[in-house]
Engineer: 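I have a structure here, written as structure tokens, and I will follow up with some questions on it.
One is the number of the first residue; the rest follow in order along the sequence. Order of listing sets the numbers, starting from 1, for every ligand and every atom in it.
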Amino acid sequence: MTRTRVAVLFGGQSTEHAISCVSAGSVLAALDRERYDVVAIGITPQGRWVLAPDDPSQLTISGRELPSVKDGPAVALPGDPTVGLVPLEDGAALLGAVDVVFPVLHGPYGEDGTVQGLLEMAGVPYVGSGVLASAAAMDKAVAKVLLREEGLAVAPSVQVRSGEPVDREAVLALGLPVFVKPARGGSSIGITRVTDLAGLDAALEVAFASDPKVLVEAAVVGREVECGVLETADGPRASLPAEVRVVGDYDFYDFEAKYLDAATELTVPAELPDGVTEALQTAAVRAYRALGCEGLARVDFFVGDDGALTVNEVNTMPGFTSTSMFPRMWAASGVAYPELVDALVQAALRRRPGLLR
Ligand SMILES: Nc1ncnc2c1ncn2[C@@H]1O[C@H](COP(=O)(O)OP(=O)(O)O)[C@@H](O)[C@H]1O
Ligand SMILES: [Mg+2]
């Protein structure tokens, strides 16, 4: 039996480098070595592609130390479908063709269509959404347009570009508080909850430090509930939803709250009034389709007291450690972590790159 050759791509240039490493560690540990030949490829924070040790134990958080991709034998994937992976220096032999790439990358240069474009050019099937859906989901301003067009509720917002005047009247009309966020951010980096308009300019500066395109968004009152969508041979399927609650001194689900375990409580599955679970699942699949997602997505909602749903955002490569929300929601829905990884690789292998996927 010939094994399928899977390249696991992780790390990357975004601020979510470390989280990507941890996610990749879980994926490497879960891939069935009887069926898959695995190549681990790390992308350093500088963007250098290197052969990485295929060793999940090096990709965990130990104490307060976050994992990262260390320098190693350089490799490249040229945008030439006849070539495959190329060693750029000694020690990186034994490369060549791979059957499928699993880009376990979060944020810019990974989840935003850029690496997907490279993989399309290289003619290699890959896990997850293509160029357009990845880019559209990454850009919260663009995603809103597509979601609204689909008839899903999203928070009203005003777009602000670095160096251009702010439409203060439009911002005032949003009421207070507002959330100021980079259009293409992640992990809550650059986000400020503004309760007094005197703080608006400072919040904009914080957001501009990661993106010249920023959204000022009306605050939505509601519980934060997430739902996983997974591509199956019969089409996209939604998981049971899960709720995130921030406990302690955090105003919202910010970076610290996300990665300091004690600050968040996850309830899987979420305890919701009758009918809300089904409504969330239907809305999650609609959001997935509206953006043209493939493979997987985590759709994040606010659920109002009256059960009204507002889509906050769609993540095309959600946190993927074995204890992350997405895998936990699937575990609660009957799909254990190794099965989930397998389903994603199999879904990727069912299509070809290009338009005739
Ligand atoms: N419009 C909003 N109303 C209420 N809370 C919000 C709003 N926007 C963001 N938040 C809070 O900030 C967190 C991070 O915002 P989000 O848009 O999901 O950015 P990221 O892509 O960085 O996760 C959310 O999980 C939520 O707690
Ligand atoms: Mg979020």
Side-chain angles (χ1 to χ4, degrees), residues 14-20 23 105-108 110-112 134-144 147-148 152-160 171 173-195 200 203-204 206-207 209-211 213-228 241-260 263-267 270 284 287 291 297-305 308-320 324-326 329:
S14 89
T15 47
E16 292 166 285
H17 181 96
I19 308 306
S20 163
S23 293
L105 293 162
H106 310 305
E111 198 179 348
D112 64 350
S134 300
M138 187 80 225
D139 187 318
K140 293 180 167 95
V142 172
K144 263 183 207 287
L147 294 168
R148 210 183 275 124
L152 295 164
V154 292
S157 63
V158 176
Q159 194 174 305
V160 186
V171 170
L174 296 171
L176 284 170
V178 288
F179 281 81
V180 178
K181 54 174 91 168
R184 295 156 290 194
S187 285
S188 297
I189 290 164
I191 302 187
T192 310
R193 179 174 181 267
V194 174
T195 52
L200 181 66
L204 286 170
V206 169
S210 35
D211 191 340
K213 183 176 176 183
V214 166
L215 289 181
V216 181
E217 201 172 87
V220 180
V221 178
R223 295 161 67 182
E224 290 196 63
V225 182
E226 313 187 340
C227 187
E243 178 168 9
V244 184
R245 249 190 326 266
V246 181
V247 292
D249 273 348
Y250 296 94
D251 282 341
F252 66 96
Y253 195 28
D254 68 7
F255 184 84
E256 301 253 306
K258 276 182 184 173
Y259 301 114
L260 294 176
T264 49
E265 271 173 20
L266 309 179
T267 312
L291 298 187
R298 196 191 73 216
V299 185
D300 297 352
F301 295 88
F302 298 108
V303 180
D305 278 346
L309 305 182
T310 305
V311 180
N312 178 32
E313 61 162 340
V314 178
N315 294 283
T316 52
M317 189 52 72
F320 213 85
S324 297
M325 275 297 223
F326 185 85
M329 290 191 284

Engineer: Would you say that L105 contacts M317 through its side chain, given a criterion of any heavy-atom pair below 4.5 Å between the two side chains?
Structural biologist: no
Engineer: Looking only at side chains, do H106 and S23 share a donor and an acceptor under 3.5 Å apart?
Structural biologist: yes
Engineer: Assess K140 for proximity to ligand 1: is some non-hydrogen atom of it under 4.0 Å away?
Structural biologist: yes
Engineer: At under 4.0 Å between heavy atoms, which part of K181 makes contact with ligand 1: side chain, backbone, both or neither?
Structural biologist: side chain
Engineer: Salt bridge check, K181 against D211: does any charged N sit closer than 4.0 Å to a carboxylate O?
Structural biologist: no
Engineer: Tell me: protein heavy atom nearest atom 12 (O) of ligand 1, and distance?
Structural biologist: F252 CD1, 3.1 Å
Engineer: Less than 4.0 Å is my threshold; does some heavy atom of A218 fall inside it relative to ligand 1?
Structural biologist: yes
Engineer: Can you name the N, O or S atom of E313 that is closest to the Mg ion (ligand 2)?
Structural biologist: OE2
Engineer: Below 4.0 angstrom from a heavy atom of I191, which ligand 1 atoms are there? Numbered from 1 as shown, please.
Structural biologist: 14 (C), 15 (O), 16 (P), 19 (O), 22 (O)
Engineer: Students should be able to answer this: which protein heavy-atom is nearest to atom 16 (P) of ligand 1, and at what distance?
Structural biologist: N312 ND2, 3.7 Å
Engineer: Taking only heavy atoms of E217, which atoms of ligand 1 are found under 4.0 Å from at least one of them?
Structural biologist: 1 (N), 2 (C), 7 (C), 8 (N)
Engineer: So, are R184 and E111 salt-bridged, with charged N and O less than 4.0 Å apart?
Structural biologist: no
Engineer: Looking at side-chain heavy atoms only, is the closest gap between P182 and I191 below 4.5 Å?
Structural biologist: yes
Engineer: For ligand 1, which atoms have a heavy atom of F302 less than 4.0 angstrom away?
Structural biologist: 2 (C), 3 (N), 4 (C), 5 (N), 6 (C), 7 (C)
Engineer: Based purely on interatomic distance, does V220 place a nitrogen or oxygen under 3.5 Å from a nitrogen or oxygen of ligand 1?
Structural biologist: yes
Engineer: Has the side chain of S188 got a donor or acceptor atom that lies under 3.5 Å from a matching backbone atom of Y253?
Structural biologist: yes
Engineer: Are side-chain heavy atoms of P156 and L174 found at a separation under 4.5 Å?
Structural biologist: yes
Engineer: Taking a cutoff of less than 4.0 Å between a non-hydrogen atom of the residue and any ligand atom, is D300 in contact with ligand 1?
Structural biologist: no
Engineer: Examine all N, O or S atoms of D300, backbone included, and report whether one is under 2.8 Å from the Mg ion (ligand 2).
Structural biologist: no
Engineer: Within a strict 4.5 Å, meaning less than it, do heavy atoms of the M138 and T316 side chains meet?
Structural biologist: no
Engineer: For atom 24 (C) of ligand 1, find the nearest protein heavy atom and state the residue, atom name and distance (0.1 Å precision).
Structural biologist: E224 OE1, 3.4 Å
Engineer: Check this for me: does any side-chain nitrogen of one of R245 and E224 sit under 4.0 Å from a carboxylate oxygen of the other?
Structural biologist: no
Engineer: Check whether any side-chain heavy atom of L309 lies under 4.5 Å from a side-chain heavy atom of F302, and answer yes or no.
Structural biologist: no
Engineer: Does the T192 side chain pair with the main chain of V194, one donor and one acceptor, at a distance under 3.5 Å?
Structural biologist: no
Engineer: So is N315 polar-close to ligand 1, meaning N/O to N/O under 3.5 Å?
Structural biologist: no
Engineer: Identify, for atom 4 (C) of ligand 1, the protein heavy atom at the shortest distance, and state residue, atom and that distance.
Structural biologist: F179 CE1, 3.3 Å
Engineer: Provide, to 0.1 Å, the distance between atom 14 (C) of ligand 1 and the closest protein heavy atom, together with that atom's residue and name.
Structural biologist: S188 OG, 3.3 Å
Engineer: Check Y253 against ligand 1 and report side chain, backbone, both or neither, counting heavy atoms closer than 4.0 Å.
Structural biologist: both
Engineer: Any idea which atoms of ligand 1 are less than 4.0 Å away from a heavy-atom of E313?
Structural biologist: 16 (P), 18 (O), 19 (O), 20 (P), 21 (O), 23 (O)
